[in-house]
Structures are given as structure tokens and as C-alpha cells.
Novice: 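Below you'll find the structure I mean.
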There are 2 protein chains.
Amino acid sequence: MADLARLSMNTVTLRERWTLAQCIEGCARHGIPFIDPWRDKVAELGLNNAIRRFRDAGIRPSGVCRAGLFTTGDPIAIRDENRRAIDETAALGADCIVTVPGGLPAGSKDINAARALAADALAELVPYARAAGVTLALEPLHPMTAGDRSIWSTIDQVLDLCDDLGEGTGIALDVYHIWWDPNLAAGIARAAGRIAGYHVCDWKIPTIDTVFDRGMMGDGVIDIPAITAMVDAAGYTGPIAVEIFSAHDWWKRDPEDVLRVAKERFTAGV
Amino acid sequence: MADLARLSMNTVTLRERWTLAQCIEGCARHGIPFIDPWRDKVAELGLNNAIRRFRDAGIRPSGVCRAGLFTTGDPIAIRDENRRAIDETAALGADCIVTVPGGLPAGSKDINAARALAADALAELVPYARAAGVTLALEPLHPMTAGDRSIWSTIDQVLDLCDDLGEGTGIALDVYHIWWDPNLAAGIARAAGRIAGYHVCDWKIPTIDTVFDRGMMGDGVIDIPAITAMVDAAGYTGPIAVEIFSAHDWWKRDPEDVLRVAKERFTAGV
């Protein structure tokens, strides 16, 4: 039901088989208008080369992955890395950079302290993003990642940060991370005007890995069209990114097949 | 820091190695005053035999596991099974029966319909529980189980049900399921007077299974004493149950060692 004109392919979906150059060629061949590139893939190709290839292929980079990781080490090194990520996003002409906070610092069990640490580092980063004309797309990740990846677990938690920080921040909504939330509908409505990205995949039953076992849209239990309708109603008209971490299935398949199936499922079930 | 006088051993922690009779003997030997028994273990021993052995050993059954599963099949069969579960809980003289709703019905992607189905079936069950003098301890389970086990994911969601249904309902708080919640402190405060059970274990990093990879208290990242303090402040003075699903570690160990370590960790880190 979603229009292919909004399809963005996140490079992580193809990461084991294709370089960024191959992703750009492949998406161009399949008429996919956007790519959400990961920074390691951009670095591998070289930033200027990536910019040129995107331009030549007529493909727009949308959400770059990723910034943040505020809780994971030396604050100065993290700040500098995040500034580089923002510079790259601006150079690519992408709309936003997906920002995840990190989990608990090594050895810590104090989740509130980790939240405060991330909030402070984020606040320090926002003026830099604003000056670069880049939106930090803050992404709540599934609560099962709270320990080691993201101490932002809900839409409301991230919107509270957006309320505080204003321009330069927005929210990235990924159906995989938010579908279970009893405040889902109210949360998405509250996000109106601040949705910086929308990501799709599916929740499989069973799920055999807390990170690398996402499903293709339609292969799980998420009512994706219902969530898309909420996101539409909140006024979001931007790209919809297919982001599938799948060590056991999609990462092993021929990328041509992955793109073909993703396009079918995108029009049929997103 | 927790007092051993409040320790309850959930039989699931020992389930691969010990029958209920062995759990009762073992806990008596270790001076553990409560057991949270699973119904399959009670059935295996026979209800009357179980009642007699608990009494003879001077051990009190606390939270029975479990009732609910409202979304998982034929409503009449489920209702009848839940009534039997309540009758058994009353016969055992236990305080409550832990109640989990089930996930999405087979083939469904409508989580709101599943929630409504569970709420209706629960409402029908409450008068029966009340008449039996048994509290249904409604347990929010971790959001990673929303698809296949529990469409109740947060404290607030369960307390809304308790608000609606009143006497005969309460909440079971398990640190594993709730530790990530940004509303944790407010949620536990709101639960005051309605906490029917408190369960402990730990969240390991990495977690390699969404159900069967819980850690022993102290082996993960949950600040258990901080949560216990919140539960204490909310006025709960009942048993604290050690409930560890651990297919790869604790289920393989000698139950004597499991009890010994659980007692140490209970006094040191709960």
C-alpha cells in the first residue's frame, strides 16, 4: 500500500553482500529512490566518491546511520566522532542522522545515570547539528536493547528530549522497536511535526536473536499498515526505510532477491 | 540485603532437575521459607500430596504459576482451566496466582484486539477469584514477549486493569520485565497496596534467548536493590521469588548449588 516513490533501502539490509557502490547501482536498477547509508559503508567507498555516485545514480541518501553512542566511552572522542558524523551527513545532503544513545556504560547498573549522561551529551551536540542544517533523528530502540545499545526505549521518552532540545532534533520511528507499546497511537500522534524517519521490517515468532533476527515485512506479527497510517496521520511524508538485521536469513540471500521481495512487500504490506 | 525470611524459590529455577517433592525437601533443608510452585509440578505430585508435603515441611506456597493465557485458544476451555488454577491456589493456601495474558492469537496481528480479548476474559474471571479468596497477580512481561506470551508490557498497563477490576486483582513485579521502563519509579509507587508478588533474577549481557537466558541476581545489569527499595517503599512486605529461566546455565547445575548461590546473592544483592 506504500508508494515505491517513498522507498529507502537501508544498506544494513544488504550489508554482508554489497558495498555501498553496489547498493547504489542495485537500487538504481530497481528504481529505488532513496538509500539510508551506514557510515562504515560510506567510509569504505570514500565520502566524495559516495557523494558523486549518489548524484550520478539519481539516488538520494536519506537517514545516515548513525550518531550517538554517548554512553560508550570517552566523551571527547565520542563528541568528535559525532561531529564528523554530522559533517558527513551534511556533505551527503541527507536529511538526518539516526541517533542512538548507547546502553549502560561498562560496569554500570545505573540506567538513570546513563540517561542523564546521554541527555547531556546530546544537548551539547544539538547546536553543532543545527549549524550544519542536520536533524538528529533520535531513535527509541526496543527495550531488549536497553542494557547494551539504547537506554531510550519509548517514543514518549524520546519526545521528552525533543521537547527540551527543539530545532535540530526529531524522532526516528521503527516499527520493530515500537509496535508493542501500549502508548503507540498517542505517542505517534504526539510526534507530529517531529518525525524525521520511519523504518520498517517485521517481528518474527520465534525471534532467536535480540539484534540480528528481524523479519521482512509480512513475515511477522506487526500490523505495519496500521502503524504507517498513524505515521501518515501525524503528517510524515518522507522516505520509509527498509532496515533488516538478519544474520540467519536475508543477509545470506542474493541481494537482487532481497530488493525484489522488499519492493513487493513494500507495496503490499507497508 | 534482602532478608532470607522473605525468600521464595520458584520451582522453574530448578525445573529440569527436581520434582516439587525434591524442591520442598531441598528448600526445607536450606531454610527457604516459601516456594512459588508451577502447576505442572503440582499436578505431577498430586494436589493433596503437595498440600501435605508443604505443610509437613513448614514451607508456604506463595505465588502459583500460572493462570491467564486468555488469547491462546478456546475461550471456554481457557476459562475452565483458569477456574481450576484458582481452585488449586486456594487449596494450596497460596496468596495469589500469577496471571499472564498470552500474546497475539494465532494468525492475528491486532494487538489491541488481543488486549481487549484478554481484558474481557480477565474481567469474567475476577468474581471467581474473589469468591475463592485468591488474588490474580497480573504480570507485565518484557516487551520482547509481546508477540507470543504477553500483550501486557508495562506496569501502568496492568495497573489500569487493576483500577478497572479492583478486589481480586494485583500486580506481580519482576525486575527482568520492568527494569528498562522509563516510568519504573512512578509505576511502582502507583502500585502501592496492589503488589501481589515480587520476582528477581538478572538481565545478562549478552542475552542469547528471549525467554530462557535469565541470569542469577548479580550476574547482569539490573540494579536490583534500587528496585527492591522502590517495592519496599510501596509497602510490599511479602515473599520475594527467585525465578530463573536458564536453559544454558542454571538449569544444568546441581540444584544444591543453585540454592546455595541463590541464598548468597539474595542476601548480598536483592
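Convention: sequence-line order gives letters A, B, ...; per-chain numbering from 1.
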Novice: Going through the distances and angles, do A:Ile244 and A:Val12 end up as a side-chain contact (heavy atoms from CB on, under 4.5 Å)?
Specialist: CA-CA 7 Å; A:Ile244 303 177; A:Val12 88; over 6 Å; no
Novice: Quick one: of B:Ala226, B:Gly220, B:Gly107, who has the most non-hydrogen atom pairs under 4.5 Å with chain A?
Specialist: B:Gly220
Novice: Is there a side-chain contact between A:Leu7 and A:Ile240 in this structure, where contact means two heavy atoms from C-beta onward sitting under 4.5 Å apart?
Specialist: no
Novice: Side chain, backbone, both or neither: which part of B:Ile205 has a heavy atom under 4.5 Å from chain A?
Specialist: side chain
Novice: Can you check side-chain contact (heavy atoms from CB on, under 4.5 Å) on A:Ile227 and A:Val175, steps first, answer last?
Specialist: CA-CA 7 Å; A:Ile227 300 177; A:Val175 297; 3.9 Å; yes
Novice: So for A:Ile111, is it side chain, backbone, both, or neither that comes closer than 4.5 Å to the heavy atoms of chain B?
Specialist: side chain
Novice: Give the C-alpha distance, both sets of side-chain angles, the deciding distance and a yes or no for side-chain contact (heavy atoms from CB on, under 4.5 Å) between B:Ile171 and B:Leu138.
Specialist: CA-CA 5 Å; B:Ile171 188 168; B:Leu138 314 183; 5.5 Å; no
Novice: Is the shortest side-chain heavy-atom distance between B:Val126 and B:Leu136 below 4.5 Å?
Specialist: yes
Novice: Show me, pair by pair, the donor and acceptor atoms from chain A and chain B that are under 3.5 Å apart.
Specialist:
unit_1	atom_1	unit_2	atom_2	d
A:Lys109	NZ	B:Gly220	O	3.3
A:Arg115	NH2	B:Trp180	O	2.8
A:Trp180	O	B:Arg115	NH2	2.8
A:Gly220	O	B:Lys109	NZ	3.3

Novice: Quick check on A:Ile222 against chain B: is it the side chain, the backbone, both or neither that has a heavy atom closer than 4.5 Å?
Specialist: backbone
Novice: Is there side-chain contact between B:Pro182 and A:Ile151, with heavy atoms separated by less than 4.5 Å?
Specialist: no
Novice: Mind checking side chain to side chain contact (heavy atoms under 4.5 Å, CB included) for B:Ala234 and listing every partner two or more places apart, or none if nothing turns up?
Specialist: B:Ile188, B:Ala192, B:Ile195
Novice: Please evaluate residues A:Leu14 and A:Leu259 with respect to the criterion side-chain contact (heavy atoms from CB on, under 4.5 Å), reporting the C-alpha separation (whole Å), side-chain torsions for both, the decisive distance (0.1 Å), and the verdict.
Specialist: CA-CA 9 Å; A:Leu14 310 162; A:Leu259 293 187; 4.0 Å; yes
